[in-house]
Amino acid sequence: MMKEYNFHNIEPKWQDTWEAENAYRTEETSDKPKLFCLDYFPYPSGDGLHVGHCRNYIPTDVISRCYRMKGYNVLHPMGWDAFGLPAENEAIRLKRNPREITVRNTANFKRQLKLLGTSYDWEREINSSDPTYYRWTQWFFLLLYKRGLAYEKESDQWWCPTCKTVLANEQVKEGQCWRCGSTVEKKLLKQWFFRITDYADRLADDLDTVDWPERIKIMQRNWIGKSVGADVMFDVRSARDGSSHPTTIFTTRLDTIMGATFMVLAPEHPLVPRIVAEEKRSEVEAYIALSKTKTEIDRLSTEKEKTGVFTGAYAINPYSGDRIPVWIADYVLMGYGSGAIMAVPGHDGRDFAFASNYGLEIRQVISWPDVIYDATTWSDTYAEHGTLVNSGRFDGLSTEKAFEAMVADGNARGVTKAQTNYHMRDWLISRQRYWGAPIPMVHCPACGTVPVPEDQLPVLLPDVESYEPSGTGESPLAGIEDWVTTTCPVCGGPARRETDTMDGFACSSWYELRYTSPHNDNAPFDRAAVDYWLPVDLYVGGAEHAVMHLLYSRFWTKVMYDEGLVGFTEPFARLMNQGMLLSYDGQKMSKSRHNVITPDEVVEQYGADTLRLYELFMAPFEQEVAWSKEGISGAHRFLKRVWDLIQRTIEASHGSQTNAVVSGLELQINRLTRKITDDVEKFKFNTAVAAFMEYLNFLSDAVRADETVLASSLWQMSAKQLLVLLAPFVPHLTEELWHEYGYRTSVHAEPWPTWDESKCLEEEVEIAVQVNGKVRGSILVPANATDEEMGTLALAQEFVTRYTDGHVVKRIVAIRGKIVNIVVQ
RNA sequence: GCCGAAGUGGCGGAACUGGCAGACGCAGCAGACUCAAAAUCUGCCGGGGUAACACCCGUGUGGGUUCAAUUCCCUCCUUCGGCACCA
């Protein structure tokens, strides 16, 4: 009587065994090659994992298991990004302490991850909200401060009224909070920033050195937004008293400067009150007031009308000498460049729209061979490069040449200098919230703002009765008087602690390093361990962190490199993004839609091995796909068929050996081994699973034809090799069958099978025969047949002569192992 | 508006470097087993056409290169993702 595939017994049994034997502990020191295989740092939400989250945990587990079998020392750790807004918001909603919530949630996540049969080294588990961890997050803050990369500044910042805190630019998507979706507002507050803009060039350039999806690199480059141009000084004359105010504008198109017919200042530009004409004053002030409210309310309207007001003042164009009017308009932003532009309506769409609205002069300064200039039909499509006209001594130069000549010319006269600007702003890291690492700074009335000395870290997050955000722009910590009150580390006098906490993204900017030495009490990490393990060889997670975590983390790494703490400049050598897993209704899985599928329910019905196999099989790794309730049964059927066939194979192994031969078996097992090895390397798990299925179909057909093959030696060997290849994909089923064979050691400790390339070749191949590109039949030829032999054999076929008789054969194309094409007439 | 990715059977998808489009799986249809159902096993399964062959059409659209195009080039359409007045 054959045993049934009882995954309910098998899976917990092996999970307990592996845990008891500490089967997946990472070796501390080793001569083996290393692989650091890392999942994104998860925030342990109270909802737990759904099957969509498994879409990255399963593949990284397959990779880790596979590389262990290949003889690598593998670091595959897991920990919790527990600090931050999401955890705190959940705690507030449940009216529970965030610390309690975190303990409960991480336990549940861990249970679910174990349920999947993952092979994490749990001895290296970390938690960003633990003082032994955030002590070092604070230590890095001090490092940044010491290097002049952390500073305080009062400015208008994005404020989320629901989360009651400020947000960094990267954390505002289409005018909404990245976490809760509320429309954000501007609020004037004193805030801590990290000077990430100092690293803009390196952050952009070093993208060329990493193996990441091109899409993510492009998003980062766009975000950094490097633009090369020039600063030019325009002399603005006050309309009030005629006084001179040299004012810088930034342009990437210096070559068009002879076409600058007016100048525009941002409404907030500090020069405005000093130059505005008396009779324009009320109109200008009204516009400034209006634009302040407008940016908040109308941010999302797509095609905003370009509006502005004339200040009454004029400026001198330093190249043409023209006297041009100075306007203010809200399409010029104070936060970029110098908050002032030269407007070239002839060759810029925005300036053109503005000039058209207010009847300002439009002048052509670039010409193209096939374009006739006509002021009435002029449009923003003519911003491309060409040849200069109406530009005096620069006429006839190409735009590129003119740019250089004009920089040199202006440079000599002291009005122009080459300049590069960036879209990216400094990273705002203060949060007016409780659940984060306290910023380790002290405000002393005598000494000013001073850092907490390293030996006094961590600045512990105090227990607090109410951790609800106040909404006043102050953190809940500000209300804890005996925590806030402290002594100044410099003068010993009374002082007050900084009450803001750090953005949760600070915690995740260095966590990968902590895994190499998670219990180190003397430093954030052991240098030797980091030198061995880093950079991360394979980093896997969703695409949603393209310009947040991944940018911040790269920045911290470069700072550490500059400080001499690490020997590399990029933390993640290879990055992969898994596709989103939609629910069976094609919608995103969410509690509110009631369409969440949990691994718990799937494991209960089909087992973890089936879940793993199905998630790997359902679509290419990077592609979005919808869950199919029926589809998973195919994966389960496959595993039952493997189970049954191996059971029969084991049974047959107890009898006497036969000499039965399965034609092509050696070819198939060698090809399968090669295919699985390649596909795992390339993250093509779906085709790897398909290859297993094809192989099983091949074996099934062979057994049906002749049952005695089960007891042949090649069959026995091939069946075992199938188990070993399948082990990283379905660890429990393979382990059970491996032990049923009588082995006492784990299948996961087996060496990864190799293949013989010469045995992957067939002796005879079937190739298609075409006449004039249409398939008319196929022939069987020796694999080493020459082009002539293939052509001759093809021409002799009845299905070919039918088309060639009465025609002239012009050409025969023969491609070895593929096709013969006979071209007639 | 700009940047990027992608369009293949009823569905998820496969196709090396240009070489027989639809591997593998799901669903469906027919049959075997069964009193019956489930499970399992076997066969069929892009469209037209045929008694069955033959044959014709077919990878979003229209063109091009080639002996040969899902694959390369150009045009357009659609969907998804990112950025959104960055001078």
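Note on naming: letters A, B, ... go to the chains in the order of the sequence lines (proteins, then strands), and numbering restarts at 1 for each one. Here the structure is a predicted model, which is why all the values come from computation and not from measurement.
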A:Thr687 and A:Asp679: side chain donor to acceptor below 3.5 Å:
yes

Go through the steps for A:Arg221 and A:Asp208 under the test salt bridge (Lys or Arg N to Asp or Glu O under 4.0 Å), then give the verdict.
CA-CA 11 Å; A:Arg221 284 202 191 92; A:Asp208 294 332; 2.9 Å; yes

Counting side-chain heavy atoms from CB outward, which of B:rC20, B:rA15, B:rA23 is closest to A:Ala768?
B:rC20

Of B:rC67, B:rA87, B:rC56, the nucleotide closest to the side chain of A:Lys774 is B:rC56

Strictly below 4.0 Å: does A:Tyr331 bring a side-chain N or O up to OP1 or OP2 of B:rA84?
no

Paired to B:rG1 by Watson-Crick or G-U wobble criteria (both distances under 3.5 Å) is B:rC83

Closest to the side chain of A:Trp223, out of B:rA15, B:rC26, B:rA84, is B:rA84

Tell me whether the OP1 or OP2 atom of B:rU40 has a side-chain N or O from A:Arg641 closer than 4.0 Å.
no

Donor on one side chain, acceptor on other, A:Ser700 and A:Arg641, under 3.5 Å:
yes

Is the shortest side-chain N/O distance from A:Asn697 to OP1 or OP2 of B:rG25 below 4.0 Å?
yes

Euclidean distance for C1', B:rC80 against B:rG43 (whole angstrom):
40 Å

Is B:rG9 syn or is it anti, if syn means the base angle is within 90 degrees of 0?
syn

Pairwise P distance for B:rC20 and B:rC74, with rounding to whole Å
25 Å

Would you say A:Arg802 reaches B:rC55's phosphate, i.e. side-chain N/O to OP1/OP2 under 4.0 Å?
yes

Please determine, for the side chain of A:Thr252, which listed nucleotide (B:rA87, B:rC24, B:rC20) has the closest atom?
B:rA87

From B:rC24, B:rU42, B:rG19, nucleotide with atom closest to A:Arg704 side chain
B:rU42

Within less than 4.0 Å of OP1 or OP2 of B:rA87, is there a side-chain N or O belonging to A:Ser227?
yes

Between B:rG19, B:rC24, B:rG13, which nucleotide has the shortest distance from any of its atoms to the side chain of A:Val625?
B:rG13

Identify, between A:Ile218 and A:Met334, the residue whose nearest nucleotide on RNA chain B lies closer to the 5' end.
A:Ile218

Options B:rG12, B:rA23, B:rG19, nucleotide nearest the side-chain atoms of A:Gln623:
B:rG12

Taking the six-membered ring for Trp and the single ring otherwise, decide whether the centroids of A:Trp627 and A:Tyr614 are under 6.0 Å apart.
yes

The nucleotide from B:rG13, B:rC20, B:rA68 with an atom nearest the side chain of A:Glu766 is B:rC20

Under the 3.5 Å rule, do the base of B:rC16 and the side chain of A:Lys818 count as making a donor-acceptor pair?
yes

Using only side-chain N and O atoms of A:Arg637, determine if any of them is under 4.0 Å from OP1 or OP2 of B:rG25.
no

OP1 or OP2 of B:rA14 less than 4.0 angstrom from a side-chain nitrogen or oxygen of A:Asn686, does that happen here?
yes

Phosphate OP1/OP2 of B:rU66 contacted by A:Arg811 side-chain N/O (<4.0 Å):
no

Using the P atom in both, what is the distance from B:rU70 to B:rC77, to the nearest Å?
23 Å

Distance-only polar pair, side chains of A:Tyr606 and A:Ser633, donor-acceptor under 3.5 Å:
no

From NE2 of A:His423 over to P of B:rG82, roughly how many Å is that when rounded to an integer?
15 Å

5' precedence on RNA chain B between A:Met693 and A:Gly817 (nearest-nucleotide basis)
A:Gly817

Looking only at atom C1', what distance separates B:rG10 and B:rA5, rounded to whole Å?
26 Å

Please enumerate all residues that pass ring pair (Phe, Tyr, Trp, His ring centres under 6.0 Å) together with A:Tyr358, with sequence neighbours excluded.
A:Trp327, A:Phe354

Of the listed nucleotides B:rG19, B:rA54, B:rA87, the one nearest the side chain of A:Tyr803:
B:rA54

What distance, rounded to whole Å, do you find between the two P atoms, one in B:rG25 and one in B:rG31?
23 Å

Is A:Arg776 close enough to B:rC55 that one of its side-chain N or O atoms is under 4.0 Å from OP1 or OP2 there?
yes

Please report, rounded to the nearest Å, how far the P atom of B:rG19 is from the CE atom of A:Met790.
15 Å

By nearest atom, which of the nucleotides B:rG12, B:rA87, B:rC26 is closest to the A:Thr251 side chain?
B:rA87

Would you call A:Asp211 and A:Lys217 a salt bridge, taking side-chain N to carboxylate O under 4.0 Å as the test?
no

Between B:rU71 and B:rU17, how far is it from one C1' atom to the other, in whole Å?
10 Å

